[in-house]
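After the structure tokens below, expect a handful of questions from me.
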2 protein chains.
Amino acid sequence: MSVNGATTSGELRAHNRVRLLRAVHDGGSAATRSRLTRELRLARGTASVLVAGLAEDELLHEEPAPEHGRGRPTQVPGPHPRGPLALAADVREDAWELAACELGGRVTVLDVRPHDGTPEGALVPLGEAVAAHTSRLGHRVIGVGVALAGPVRFGGLADIAHLGWRSVDVPALLGLPRPAPGAGADGVTLGNDTAFAALAEARRGRLRDVRVGLHLHVDFDLGGVLVVEGRPLGGASGTGAEFGHMPLDASRPIRDRPCMCGATGCWGMDVGANALLRHAGLEYGGGRGREQAERVLATSEEAVAACAAALGRGIAALVNAHDPEVVTLSGHGPELAERAGETLLRACEPRLMAIRRDHPPRIEGSALGWRGALLGAMESVFDVFLTPEGLERWRKTILTRVPTRPAGEM
Amino acid sequence: MSVNGATTSGELRAHNRVRLLRAVHDGGSAATRSRLTRELRLARGTASVLVAGLAEDELLHEEPAPEHGRGRPTQVPGPHPRGPLALAADVREDAWELAACELGGRVTVLDVRPHDGTPEGALVPLGEAVAAHTSRLGHRVIGVGVALAGPVRFGGLADIAHLGWRSVDVPALLGLPRPAPGAGADGVTLGNDTAFAALAEARRGRLRDVRVGLHLHVDFDLGGVLVVEGRPLGGASGTGAEFGHMPLDASRPIRDRPCMCGATGCWGMDVGANALLRHAGLEYGGGRGREQAERVLATSEEAVAACAAALGRGIAALVNAHDPEVVTLSGHGPELAERAGETLLRACEPRLMAIRRDHPPRIEGSALGWRGALLGAMESVFDVFLTPEGLERWRKTILTRVPTRPAGEM
DNA sequence: ATATTATGCTCTAGCCGTGAACAAAAGCCT
DNA sequence: AGGCTTTTGTTCACGGCTAGAGCATAATAT
């Protein structure tokens, strides 16, 4: 995203290749070539050359459009059958999921496995699965994106307070190269599930085309990020997305209680599966009790209301500060909003600044459900790939794979 | 900023003109041509053509560099004597200041006047001054930027709770065209002083080249914004920068007290001139009492400590959430930090997440002092101007002003 | 079957940045 | 002082890129 401008005429071509491929990807490879040509304001001739080049590089493959208008039928550019694949993994507190994703966003789940919540128990088998699929799929794998249930610093160190993970060296346990600062270099991207869910929401969900949005992810604890112009704000060391660890008008019992993160009175202590279990008087922590929490969510009016009210109070504070256009909820968030929407709004509205009350932001459930984090991990891999540098690397591997054209070809 | 890429070869030229002019402006017209050529990675020939074109358009004017190295001496491109000027105004609670700013950032103060704090009393005379200077300076005026002490919605409606301004139609009172959503259209940009101070800090202060920074502006009340990649985040309707209106662990007496903004327990109620006056038992509100507040700041250890502690508590919360690299303070902020830095840090540190404590962000005073808001207003005008569209408009006015070249010229 | 319409392909014109060769203008060395 | 070195500015031939026009193509509408 935000591919910054070409400077020389040589870079123009690379820049336009990226634009076209990005448009295909973002459109879920559903847009027709004529439509892409129009939307990207390309001349038909230019589009022709670009598509031909991308097809030759095994990035795109055109098929006839299923529906016709009046004139000559157009083609639909989609992923090439030998084209790039992004591996994406979502590591939750009690299980992980691994998938292969084509350009355009089609997801094929490769593996789902429960784990014991320890760094080794979760990550070593995942690393083995990644290695197996990578060697099976060969050069087509352009990178691996991994979503984790807590902050990951740029080096790849993860801290998941409520699981007791402290400075866990994720790349080492996975057996993957360490991602470089900025954007993961060799195609390895690690990130917070909240940030990834927000990224997916920005690309394929309710935050699409929204300039400023707020995304909140409710799982065992609560994560939140601001999404600006299609990108979640990652922070200076890659560990933004921690809105849950602000003391936002905490409820009385929580206000002075230490949070596992090391701070006090964190908002997130009042929202999420752990909070539901606490309200119901059950044991909580350590990433255990997903089923019990879901039962509480389904049955305990009171626990749900307490969570929803806390959620609403915090949302008001964040809306005051950031003025988002939309607030989206993922994880357990949509269910909280559905089961206790009134409570949520009654907690939120009076805490808004007067000038926000006229046009409060919409509060919406995610369009992607629990799939958000996985899809965001995919997007983060394609974000590295869909750049002039990424495509150039791919072109080189293709060229070495097929060193010369078949003899008879012109 | 973030001029998005050229697509056609024609746009390349426009894009590079912008890049060069932006580099001159951001460098305070101190960089030599040879250095600019290197830094922008232009061929010397290209730079030659670009500079010549910009000089012909009366945008740039080269003068010999004062210092020489070994080889042929280079030139320093600076503002053209008939070049563009940005008018910038800073409207504070009790006075306003109007200045003309050249490309490169040189500021000439045109007028300073106290006012009575009412919308009419403040804005009508300012509008008259703007009109007078605009007609005097003619086509050179490319826009007017106005900083106000509170949020301004995109249409131009200002709400300054602590002055009792509600939906004040700023463009109407100033007699200026209404700015369009997004970026002010005809060169009129209105904004929050906090956001503008942050913008200036990002371009010419301590947030330069910082990816994620947090800027806090302490005046009568407290404003705060996140600065990401050189731009303060404006929110969906232009009214972001309101970190002061989150209930961040407010001190006991404030916690349940209504804020003038309409919410409850706002952080800003504990930090700023109004809070100082309140701590000292003096009357406060309505933008009055700047001198008394300064006296309290200079003399009352206790009031200063209370403010600094509240500031530190809030900073901790924001650092947890956003992971900034630097926190900068403007307005009274630097003095608070200087007079009670220990108190501030002692309030901040224990409230940080454990993972933030290893590398907490630097907390620094602004490099621009009280000038920040004015400079930011200037930058916002140049941000609209330093685009392909802005430069094209300027070129057209120059062409109509000098319709044909002198006869003898080739 | 023919006209209409929208799309894809091919080719030329025009613009742009590159990079090399050359000119210019200083400092440095003898 | 005079020649050498170093750095910068200027000019120009060259290759690359996109635009746009003209033509070919393949469907629908009449």
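None of the values given here were measured: they were computed from a predicted structure. Each chain gets a letter, A, B and so on, in the order the sequences are listed, and its residues count up from 1.
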Check the distance between dT7(C)'s P and L42(A)'s CG and give it to me in whole angstrom.
->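 Going from L42(A) (CG) to dT7(C) (P), I get 14 Å.
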Sequence neighbours left out, what passes side chain to side chain contact (heavy atoms under 4.5 Å, CB included) with A88(B)? Give chain and number order.
->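 Testing A88(B) for side chain to side chain contact (heavy atoms under 4.5 Å, CB included), a comparison that skips the adjacent residues, returns C101(B), L374(B), A377(B), M378(B).
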For E392(B), the salt bridge (Lys or Arg N to Asp or Glu O under 4.0 Å) test, sequence neighbours excluded, returns R395(B)
Nearest whole angstrom, please: distance from the P of dG17(C) to the CG of L40(B).
-> 12 Å
From the 5' end of DNA chain D to its 3' end, which nucleotides mark the outer limits of contact with chain B, defined by a 4.0 Å heavy-atom distance cut-off (strictly under)?
-> dT5(D) to dA19(D)
Looking at residues at least two apart in the chain, or sitting in another chain, which of them share a salt bridge (Lys or Arg N to Asp or Glu O under 4.0 Å) with R72(A)?
->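 Counting only residues at least two positions away or on another chain, R72(A) forms no salt bridge (Lys or Arg N to Asp or Glu O under 4.0 Å).
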At under 4.0 Å between heavy atoms, which parts of nucleotides 21-30 of chain C does protein reach? Answer with one letter per nucleotide, 5' to 3': B base, S sugar-phosphate only, - none.
-> --BBBBBS--
Indicate, with a heavy-atom threshold strictly under 4.0 Å, whether R17(A) touches base, sugar-phosphate, or nothing.
-> nothing
Contact class for T7(B) (heavy atom, under 4.0 Å): base, sugar-phosphate, or nothing?
-> sugar-phosphate
Does R208(B) have any side chain to side chain donor-acceptor pair (under 3.5 Å) partners at least two apart in sequence or in another chain, and if so, which?
-> none
Listed by chain and number, what are the side chain to side chain contact (heavy atoms under 4.5 Å, CB included) partners of A65(A), not counting sequence neighbours?
->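 Listed in chain order: T32(A), T74(A), V76(A).
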Residues in salt bridge (Lys or Arg N to Asp or Glu O under 4.0 Å) with R106(A), at least two apart?
->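 For R106(A) the salt bridge (Lys or Arg N to Asp or Glu O under 4.0 Å) partners, ignoring immediate neighbours, are E102(A).
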Is the shortest distance from a Lys or Arg side-chain nitrogen in E201(B) or R206(B) to a carboxylate oxygen in the other one below 4.0 Å?
-> no
Give one of base, sugar-phosphate or nothing for T46(B), where a contact means two heavy atoms less than 4.0 Å apart.
->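 It contacts base atoms.
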List in chain and number order the residues that pass side chain to side chain contact (heavy atoms under 4.5 Å, CB included) with V326(B), two or more places apart in sequence or in another chain; answer none if no residue qualifies.
->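 If we apply the side chain to side chain contact (heavy atoms under 4.5 Å, CB included) test to V326(B), skipping adjacent residues, the hits are L207(B), V210(B), T328(B), R362(B), E364(B).
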For R17(B), salt bridge (Lys or Arg N to Asp or Glu O under 4.0 Å) partners two or more places apart |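 So R17(B) forms a salt bridge (Lys or Arg N to Asp or Glu O under 4.0 Å) with D57(B).
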What is the distance, rounded to the nearest whole Å, between atom CG of N16(B) and atom C1' of dT18(C)?
->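 Rounded to the whole Å, the gap is 12 Å.
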Tell me, please, which residues at least two apart from R136(A) pass side chain to side chain contact (heavy atoms under 4.5 Å, CB included).
-> L110(A), H133(A)
Thinking salt bridges, do R35(B) and E39(B) make one under a 4.0 Å N-O criterion?
->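 Answer for the salt bridge query: yes.
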Which parts of residues 29-36 of chain B get close to DNA chain D, meaning a heavy atom less than 4.0 angstrom away?
-> R33(B), S34(B)
